Amino acid sequence: MVLVEIFGTGCARCKRMNRNVEIAVGELEIDAEIRTIESLDAMIERGVMLTPALYVDGEAKVVGHVPCVEDIKQILLGVK
């Protein structure tokens, strides 16, 4: 199973990142756990300085912008 974490404050961009991740995971039909993390303390602990941020299996993949669904799919395929 792939762990996908989305760090964000709940802003529109963070919500769009969440939707794009859900679509990408659904289209790829992979076994993934998607976690949305809005806690500032958790972000500080992980060193997230810009949001939204996308982590896959604990590794930062995207920070500070929202990738399109196709880009997220490519990131996830690299993990498999």
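Just so it is clear, the structure is predicted and the values come from calculations on it, not from any experiment.
- Here the CD-CD distance, from E59 to E5, works out to 12.0 Å after rounding to the nearest 0.5 Å.
- Here CD1 of I23 is found 10.0 Å from CG of N18. Values are rounded to the nearest 0.5 Å.
- Hydrophobic cluster membership differs between L40 and L50, with clusters built from Ile, Leu, Val, Met, Phe, Trp and Tyr side chains linked at under 4.5 angstrom.
- Taken from CZ in F7 to CE in M49, the straight-line distance is 13.0 Å, to the nearest 0.5 Å.
- A single hydrophobic cluster is seen to contain both I37 and Y55, as judged by linkage of ILVMFWY side chains at heavy-atom distances under 4.5 Å, directly or through other members.
- Put simply, CG on L76 and CD on E27 are 11.0 Å apart, with the number rounded to the nearest 0.5 Å.
- Of the charged side-chain nitrogens involved, none lies within less than 4.0 Å of a carboxylate oxygen, so that E22 and R19 do not count as a salt-bridged pair.
- Residues V66 and R13 share a closest heavy-atom pair of CG2-O, 3.3 Å.
- Linking ILVMFWY side-chain heavy atoms closer than 4.5 Å, directly or via other members, places V56 and M17 in a single hydrophobic cluster.
- Of all the heavy atoms in A32 and V25, the pair that sits closest is CB-CG1, 4.0 Å.
- Here the closest non-hydrogen pair linking M43 and G8 is CE-O, 3.3 Å.
- Residues P67 and N20 share a closest heavy-atom pair of O-ND2, 3.0 Å.
- Note on I72: it clusters hydrophobically with L77, by side-chain heavy-atom contacts below 4.5 Å among ILVMFWY residues.
- Counted within 6.0 Å of CE on M1, heavy atoms from surrounding residues, nucleotides or ligands total more than 12; the atom is thus considered enclosed.
- A pairwise comparison of heavy atoms in G58 and R46 identifies CA-NH2, 3.7 Å as the closest pair.
- Note that CD1 of I6 is 12.0 Å distant from CZ of R35, once rounded to the nearest 0.5 Å.
- Residue I30 is not grouped with residue V69 when hydrophobic side chains (ILVMFWY) are merged at heavy-atom distances under 4.5 angstrom, including chains of intermediate members.
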